[in-house]
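Here is the structure we will look at, set down as structure tokens.
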Number of protein chains: 2
Amino acid sequence: MASTHEKVGYAPEGKPPEHTPFTAASGVESVVRMLEGRWKLVILFHLFGGKLLRFSDLERAIPAISQKMLIQQLRQMESDGIVTRLVHHQVPPKVEYGLTAWGQSLCPALDALLQWAEARPADPDAP
Amino acid sequence: MASTHEKVGYAPEGKPPEHTPFTAASGVESVVRMLEGRWKLVILFHLFGGKLLRFSDLERAIPAISQKMLIQQLRQMESDGIVTRLVHHQVPPKVEYGLTAWGQSLCPALDALLQWAEARPADPDAP
DNA sequence: CCGCATCCAACGAGATACTG
DNA sequence: CAGTATCTCGTTGGATGCGG
């Protein structure tokens, strides 16, 4: 996809000019990729406490999720470098999940999103 | 938000995490609902320029999207009060899409997300 | 207790063609 | 130009059962 010059000049004064729509869109797609799925954000939110949580802890915290989805999303986020997986070779087995530093750095951004969601006006307003 | 410190039927017993994950989870799910889909964020990003864009403008800006998806996501966001739809009864027809004030207020949060994505370290570190 | 594999249902999403 | 309708397909997600 070659770069056509868009009119979508998202170029506020404070932002670098390299924030072109296509780069931005790529970034957007990266974000979408990493946060896609019905459960990623929910899992993340339970991890934002900063403590390591066991698999069963997460299962208990999110009753609506299936094991498959839980492990799947967890693994994907681990691959993305968002969550950590700590295996204790014990009997019975014990695996704890937590956030990487980068994953923790997501917290304020998500919080902004949450606040945005809560700020929804009941009045369908105009731009 | 009033003091909704009650449990919602989750975790019948004992030891919920310290920071109210349930209230938060609800908010998270709202966000997920409103921003889900492969194209919402991309469309939003093209709308953040602040100018009204025609349907065909968006089609041109996002070549990979189909008309069906474009109109669908647009309508959903309109229902959610994120985007505006301005119909000019002319020949040929002309419909312009833009952001509501609330939709525009999403910009910084998304920007934070973008910056987070760009800040991904090559080194998968531990917390 | 943790995780994987398989089967299966339900949407999401794309292509195409048609209408106002 | 803007939007709708229909069909199909791939993916996501859920249920269950087994293995370390």
Side-chain angles (χ1 to χ4, degrees), chain A residues 1 7 25 28-47 51-80 83-98, chain B residues 10-11 13-15 25 28-29 31-47 51-80 83-98:
Chain A
M1 185 187 294
K7 49 184 86 173
V28 169
E29 290 183 19
S30 298
V31 172
V32 172
R33 282 268 163 92
M34 283 188 288
L35 268 32
E36 80 187 345
R38 244 181 107 193
W39 301 109
K40 291 251 180 80
L41 292 187
V42 178
I43 295 172
L44 276 180
F45 221 91
H46 284 273
L47 252 23
K51 295 178 305 190
L52 297 181
L53 294 179
R54 284 194 289 267
F55 188 84
S56 46
D57 286 333
L58 287 169
E59 273 191 297
R60 222 166 300 130
I62 317 170
I65 199 175
S66 63
Q67 285 190 343
K68 176 187 173 182
M69 280 299 105
L70 182 52
I71 190 63
Q72 180 179 300
Q73 313 262 294
L74 239 19
R75 291 302 176 105
Q76 287 180 15
M77 288 176 143
E78 187 194 0
S79 294
D80 288 332
V83 311
T84 59
R85 182 169 174 269
L86 181 59
V87 183
H88 303 266
H89 289 285
Q90 306 171 352
V91 179
K94 178 179 174 183
V95 180
E96 292 181 306
Y97 293 90
Chain B
Y10 282 51
E13 152 190 6
K15 199 186 79 89
V28 169
E29 289 183 19
V31 171
V32 171
R33 281 265 164 93
M34 283 186 289
L35 268 33
E36 80 189 345
R38 241 184 110 194
W39 300 109
K40 291 249 180 80
L41 292 188
V42 178
I43 295 173
L44 276 181
F45 219 92
H46 285 273
L47 251 26
K51 294 178 303 191
L52 298 179
L53 294 179
R54 285 193 289 269
F55 188 84
S56 46
D57 286 333
L58 287 169
E59 273 190 298
R60 224 166 298 129
I62 316 171
I65 198 176
S66 65
Q67 284 191 341
K68 175 189 173 183
M69 280 300 106
L70 182 52
I71 191 63
Q72 181 180 300
Q73 311 265 294
L74 239 16
R75 292 301 176 106
Q76 286 181 15
M77 289 177 141
E78 187 195 1
S79 294
D80 288 332
V83 310
T84 59
R85 182 169 174 270
L86 181 59
V87 182
H88 302 266
H89 289 284
Q90 305 172 353
V91 179
K94 179 179 174 183
V95 180
E96 291 180 306
Y97 292 90

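What you are looking at is a predicted structure, and each value in this text was computed from that prediction instead of being measured.
Straight-line distance from the CG atom of A:Leu86 to the C1' atom of C:dC2: 14 Å, rounded to whole Å. Atom-to-atom, CE of B:Met69 to P of C:dC11 comes out at 15 Å; the value is rounded to the nearest Å. In this structure, OH of A:Tyr97 is placed 9 Å from P of C:dC2, rounded to the nearest angstrom. Nucleotide C:dC4 holds its P atom 12 Å from the CD atom of A:Gln76, rounded to whole Å. Distance A:His89 NE2 to C:dC1 P: 18 Å, rounded to the nearest Å. In this structure, CZ of A:Arg54 is placed 7 Å from P of C:dC2, rounded to the nearest angstrom. Distance A:Ile71 CD1 to C:dA5 P: 11 Å, rounded to the nearest Å. In this structure, the CD atom of A:Glu36 is 15 Å from the C1' atom of C:dC11, given to the nearest Å.
When each of A:Pro92 and B:Arg38 is assigned the nucleotide of DNA chain C bearing its nearest heavy atom, the one mapping closer to the 5' terminus is A:Pro92. Mapped onto DNA chain C by nearest heavy atom, A:Leu74 and B:Gln72 fall at different nucleotides, with A:Leu74 at the one closer to the 5' end.
With rounding to the nearest 0.5 angstrom, the NZ atom of B:Lys94 is 13.5 Å from the NE2 atom of B:His89. Taken from CD1 in A:Ile65 to CZ in A:Arg60, the straight-line distance is 14.5 Å, to the nearest 0.5 Å. The structure places CZ of B:Arg75 at 5.0 Å from OH of B:Tyr97, a figure rounded to the nearest 0.5 Å. Atom CG in B:Leu52 sits 8.5 Å away from atom CG in B:Leu47 (nearest 0.5 Å). Summarising the geometry, atom CG belonging to B:Leu53 is positioned 12.5 Å from atom CD belonging to B:Glu59; distances are rounded to the nearest 0.5 Å. How far CD of A:Gln67 is from CG of A:Leu58: 12.0 Å, rounded to the nearest 0.5 Å.
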Give every pair of a protein N or O atom and an N or O atom of nucleotides 15-20 of chain C that lie under 3.5 Å apart, one pair per line with the distance.
none

message = Quick one, B:Glu36 with A:Glu36, criterion side chain to side chain contact (heavy atoms under 4.5 Å, CB included). Give me CA distance, side-chain angles, the key distance, then yes/no.
response = CA-CA 7 Å; B:Glu36 80 189 345; A:Glu36 80 187 345; over 6 Å; no
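Under the 4.5 Å side-chain criterion, counting only non-hydrogen atoms from C-beta, B:Arg85 is not in contact with B:Leu74.
Judged by distance alone, with hydrogens and angles left aside, the side-chain atoms of B:Glu96 form no donor-acceptor pair with the main-chain N or O of B:Arg54 at under 3.5 Å. Side-chain atoms of B:Glu78 never come within 3.5 Å of backbone atoms of B:Val83 as a donor-acceptor pair (strictly under, hydrogens ignored). Using modelled atom types, no side-chain atom of A:Asp80 and backbone atom of A:Met77 make a donor-acceptor pair closer than 3.5 Å.
Direction change of the helix axis from one end of the helix from C:dC1-D:dG20 to C:dG20-D:dC1 to the other is 40°, with five pairs defining each end axis (rounded to 10°).
Nearest to the side-chain atoms of A:Ser56 among the listed nucleotides C:dG3, C:dC2, C:dG14 stands C:dC2.
For DNA chain D, the contact window with chain A, defined by any atom under 4.0 Å from a protein heavy atom, covers D:dG13 to D:dG20 in 5' to 3' order.
Across all strands shown, B:Glu59 has no heavy atoms under 4.0 Å from either base or sugar-phosphate atoms.
No more than 12 heavy atoms of other residues, nucleotides or ligands lie within 6.0 Å of CZ in B:Arg33, so this atom counts as exposed by the packing criterion.
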